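The block underneath contains the structure these notes are about, expressed in C-alpha cells.
What you see is a predicted model, and the numbers here were worked out from it, not measured in a lab.
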Amino acid sequence: MSKYLKQLTVCAAVVFCCIITGYISVYAATANIDIPAQSVANGEEVHVNVNVTSEENIGTFDLRITYDSSILEYVSGADNGGSGVLQVLNSELNQTNTVTKELVFRALKEGSSDIAVQAASSNVLDMGANPMDIAGGLGNITVGSSDGASSDNNLASLSISGVDSEGSSQDLVITPEFSQDVTEYRAEVGENIVRLSVSAIVSNPSANAKISGVQLEPGDNLTTVAVTAADGQVKEYKIYTVKNGGTPSEGNTTNTDLLPVPEDLSPVFSEKTGKYIIQTFDEIGIPEGFVPCGYNYGDRPVAALSGFNGSVISICLADDENGANAALFIYNESMDSFTLYNACMVNEKPYVMLTPDKDTVIPEGFNETVVKINGVDTMSWQGGMYSDYSEIYLLYAANNLGEKGFYIYDSLEGVLVRFPSSGSDNKVTSDSELQSKYDELKKQVSEDDIIKLEIIIGYSVLCIILIIYVSVLIYKLKKLKPEDEDEEELEESAEITSDIDSSLDEKAKPKLKLDMAMQANEVKTETLANDVNAILDEDKTEEVEKKEEEKKAEEENENSINDNTGETKDDNADKTEAKDEAQGEGLGIVFVDLEDDSKK
C-alpha cells in the first residue's frame, strides 16, 4: 500500500505545483513598447506613436521618455515634462492588451534623435496592479535637409474675438494695430468672456502657426501664436489680455495692489535690498505669462511684471543704475523678501518657483535644502515619504492659474508633479486622481487574490481527499485479492519446494522419514522401534520387488541363452534361493536401555 500511496502523493504534489506555478506566472507578463522609426524634413511636425502591447490586459502605466531637445521640439501628447524628458501616463482601465499614446514633435535642425523609454524609471502594471517587465522602447527620428525651404515665419493677419459661457462671440480690438513686424499686442475683455478665438493667417503657406493660452481667467492672461517657417525658424506673437471684474477662480490669488505702469521709468535705489530697481525690461525680456504693471513697493509705485493670474510679482534688480547684473526676482510680500526668478515648463504650462508665505505649513517630515533648477539654487525640501530617494525634492510653486502649492520634483528626469497632500485649498489634480484609481484598483485586486487563494486551497483539499479515498479503495482490494506480486512469490515458493523434492534421492527418503520420527519427543520406545522396523520392512519390500523384476528380466534372458548352453531351470532356481537366503539375513536393530544395559 505504501508504494501506491507514495506514487499518488507525488502525482498530487506535481499537479498542485503546476497550479501554483500557473497562478504565479500571471504576474510575470511583459509589456512590449514599440516606437516606430521615422524620417522628417527640418521644420516639419512628426507624430510619434508609443505602442504598449502585452499578452495580458494592460492597466495603468507611467513612462519616462527621453529625446534630443536640440533636434526635436516637443509640441503635445505627454502629460508632463519637456526639455528632453516627457512623462506619459495611462489611467484608463479598458481591459485591453494594446495602448497607444501619440506624441507630437517639431523638427528643429538636421540630425538624429532617439525616442527612448527609460525602463528604470518607468513602470507598467497589469489589470491586477502587478508590475510588468518592460521590453523594447527605443525609436529614432531622423531629421533631413530642408534645402531651399522658406524661412518666412511672419503672419499676414491677426485678429481675435471673445467667446462667452453661452458660446456667443464678439470682436475684440488689439493695440497697436497689427503689423507682421510687431510681436506684442494688448486687449481688454469683459467679465463674461471665458476664452479667445484667434484668427492667425501665415504669409507663407509652407509655414505653420500654433496658438496656445486661449482660456481666460480674471486678471492678466497671455495668448501666444508661434509661427514656424518651413526651414524650422520660429517667430512668436504675444497677445496680453486683461479680463475685468468677475469672481476669481478657485485658488486664484490675484493681487489687488496692481497699478498702471508709472510714467517715470528711471532706476530706483532700494535700501532694503541694497540694489537698484530697473523699471524697463528691454534688456532682460518679459517671461511667458507675465505682463508689465505698476506695483506699490515701499513708499512709491514701481514698474513690475505681473504673472500667473496676478498671483506673482516680479521686479528687476541690478547692482547699479546702469543695470549691471540685472535679473528678475520674485517678490514675496508676506515675507518681504526676494528670490531669483526661476520657472520651468511642464506640458506647455509654466510653473514659477516661490518661497512659501508665513502661514504655509511645510509637510511633516520634510527638511529644508536647496536644489539646482536651470542652474539656479532653489529652495526645496527632502524627506517624508521620499526619504529613500535622494533625487526627489519638494518645491513650492505657482501654476499659470495662480494656484500655489507644493510639487514633487524629480531632479534626474526634470519632471514636476503636484504633491498629493499639498493642502485643502488646492484642487485635486490628475496625478492624485490617478493615485486614487490605483489605490482602488489595488484594493480590488487584493480581494480578488484572496478569492483565488481560497479556490486554490479548496481544490488542494479536494485533491488530498481524493488521494485518501483512492488509497483506501486500493487497500481494500488488496485484502480481497492478492496482488500479482504475491501470486508470483507463491509460485516461486512452490517451484523451489518441487525442486527440493525432486532432488531427494530415493535412498534418502527412508532417512528423512527416520529423522522425522526421531523428532517426536513424546513417542515411546516400543512405538519408535516398531516404526523403524516398519520403515525397514517397507524398504526391504521395495528392494525385493525391484530385484524380482530384475530377476524376471534375467530369467527371460537366461531362457533364451539356455536354449544354446543347455542349462536347466532347476539350476537357476537353486541360484535364486541362494541369493534369497543371503539377502534374508538382513540388518537386525536392537535397542538397549542405557540405565540397566537391558535389551529392548
From [X] atom [atom1] to [Y] atom [atom2], the distance as rounded to the nearest 0.5 Å:
{"X": "Asp126", "Y": "Glu55", "atom1": "CG", "atom2": "CD", "answer": "12.5 Å"}
{"X": "Ser169", "Y": "Ile160", "atom1": "OG", "atom2": "CD1", "answer": "12.0 Å"}
{"X": "Ile141", "Y": "Ile115", "atom1": "CD1", "atom2": "CD1", "answer": "5.0 Å"}
{"X": "Asn204", "Y": "Leu155", "atom1": "CG", "atom2": "CG", "answer": "12.0 Å"}
{"X": "Ser203", "Y": "Gln180", "atom1": "OG", "atom2": "CD", "answer": "6.0 Å"}
{"X": "Ser387", "Y": "Phe366", "atom1": "OG", "atom2": "CZ", "answer": "8.5 Å"}

Examine distances only and state if a side-chain atom of [X] and a backbone atom of [Y] form a donor-acceptor pair shorter than 3.5 Å.
{"X": "Asn130", "Y": "Gly128", "result": "yes"}
{"X": "Asn374", "Y": "Val376", "result": "no"}
{"X": "Lys238", "Y": "Val225", "result": "no"}
{"X": "Asn42", "Y": "Lys109", "result": "yes"}
{"X": "Ser113", "Y": "Asp68", "result": "yes"}
{"X": "Tyr386", "Y": "Ser390", "result": "no"}
{"X": "Thr142", "Y": "Ser39", "result": "no"}
{"X": "Glu102", "Y": "Val50", "result": "no"}
{"X": "Thr369", "Y": "Trp381", "result": "no"}
{"X": "Ser168", "Y": "Asp164", "result": "no"}

Just so I know, are the side chains of [X] and [Y] near enough to count as touching, which here means a heavy-atom distance under 4.5 Å?
{"X": "Asn51", "Y": "Val99", "value": "no"}
{"X": "Ile330", "Y": "Ile313", "value": "no"}
{"X": "Val234", "Y": "Asn153", "value": "no"}
{"X": "Leu89", "Y": "Leu63", "value": "no"}
{"X": "Glu56", "Y": "Met127", "value": "no"}
{"X": "Val202", "Y": "Asn208", "value": "no"}
{"X": "Ser122", "Y": "Phe61", "value": "no"}
{"X": "Asn399", "Y": "Arg418", "value": "yes"}

Looking only at non-hydrogen atoms, find the nearest pair between [X] and [Y] and report the distance.
{"X": "Ala343", "Y": "Tyr341", "answer": "CB-OH, 3.3 Å"}
{"X": "Tyr393", "Y": "Val370", "answer": "CE2-O, 4.1 Å"}
{"X": "Ala207", "Y": "Asp152", "answer": "CB-O, 3.6 Å"}
{"X": "Ser306", "Y": "Cys293", "answer": "CB-SG, 3.5 Å"}
{"X": "Thr183", "Y": "Lys235", "answer": "CG2-CE, 3.9 Å"}
{"X": "Ser54", "Y": "Ala31", "answer": "CB-CA, 4.2 Å"}

So, [X] versus [Y]: side-chain donor-acceptor pair below 3.5 Å or not?
{"X": "Ser334", "Y": "Asn332", "value": "yes"}
{"X": "Ser212", "Y": "Thr224", "value": "yes"}
{"X": "Asn90", "Y": "Thr60", "value": "no"}
{"X": "Asn342", "Y": "Thr378", "value": "yes"}
{"X": "Thr223", "Y": "Asn221", "value": "no"}
{"X": "Asp62", "Y": "Asn123", "value": "no"}

Quiz item: Strictly under 6.0 Å, is that where the ring centroids of Phe105 and Tyr67 end up?
Solution: yes
Quiz prompt | Qualifying residues under salt bridge (charged side-chain N to carboxylate O under 4.0 Å, His left out), relative to Arg106, sequence neighbours excluded | solution = Glu45, Glu73
Self-check item: Asp171 vs Ser159, side-chain hydrogen bond (donor to acceptor under 3.5 Å, both in side chains): CA-CA, chis, key distance, verdict
Solution: CA-CA 8 Å; Asp171 293 337; Ser159 61; over 6 Å; no
Quiz prompt | Salt-bridge criterion met for Arg64 and Asp410 (N-O under 4.0 Å) | solution = yes
Quiz prompt | Working for side chain to side chain contact (heavy atoms under 4.5 Å, CB included), residues Met353 and Met379 | solution = CA-CA 8 Å; Met353 307 300 113; Met379 177 185 289; over 6 Å; no
Exercise. Check step by step if side chain to side chain contact (heavy atoms under 4.5 Å, CB included) holds for Leu172 and Val189.
Key: CA-CA 7 Å; Leu172 299 177; Val189 298; 3.2 Å; yes
Exercise. Identify which one of Tyr396, Tyr407, Tyr409 satisfies the ring-ring contact (aromatic ring centres under 6.0 Å, His included) criterion when paired with Tyr351.
Key: Tyr407
Exercise. Output, in order, the C-alpha distance, side-chain angles, deciding distance and verdict of side chain to side chain contact (heavy atoms under 4.5 Å, CB included) for Ile35 and Leu138.
Key: CA-CA 6 Å; Ile35 304 175; Leu138 179 62; over 6 Å; no
Self-check item: Under the side chain to side chain donor-acceptor pair (under 3.5 Å) test, residues paired with Thr96 that sit two or more places apart
Solution: none
Practice problem: May I ask you to check whether over 12 heavy atoms, not counting those of Phe178, lie within 6.0 Å of atom CZ? | Solution: yes
Exercise. Output, in order, the C-alpha distance, side-chain angles, deciding distance and verdict of side chain to side chain contact (heavy atoms under 4.5 Å, CB included) for Thr53 and Ile33.
Key: CA-CA 7 Å; Thr53 61; Ile33 302 178; over 6 Å; no
Quiz item: Under the side chain to side chain contact (heavy atoms under 4.5 Å, CB included) test, which residues partner Asn97, sequence neighbours left out?
Solution: Asn57
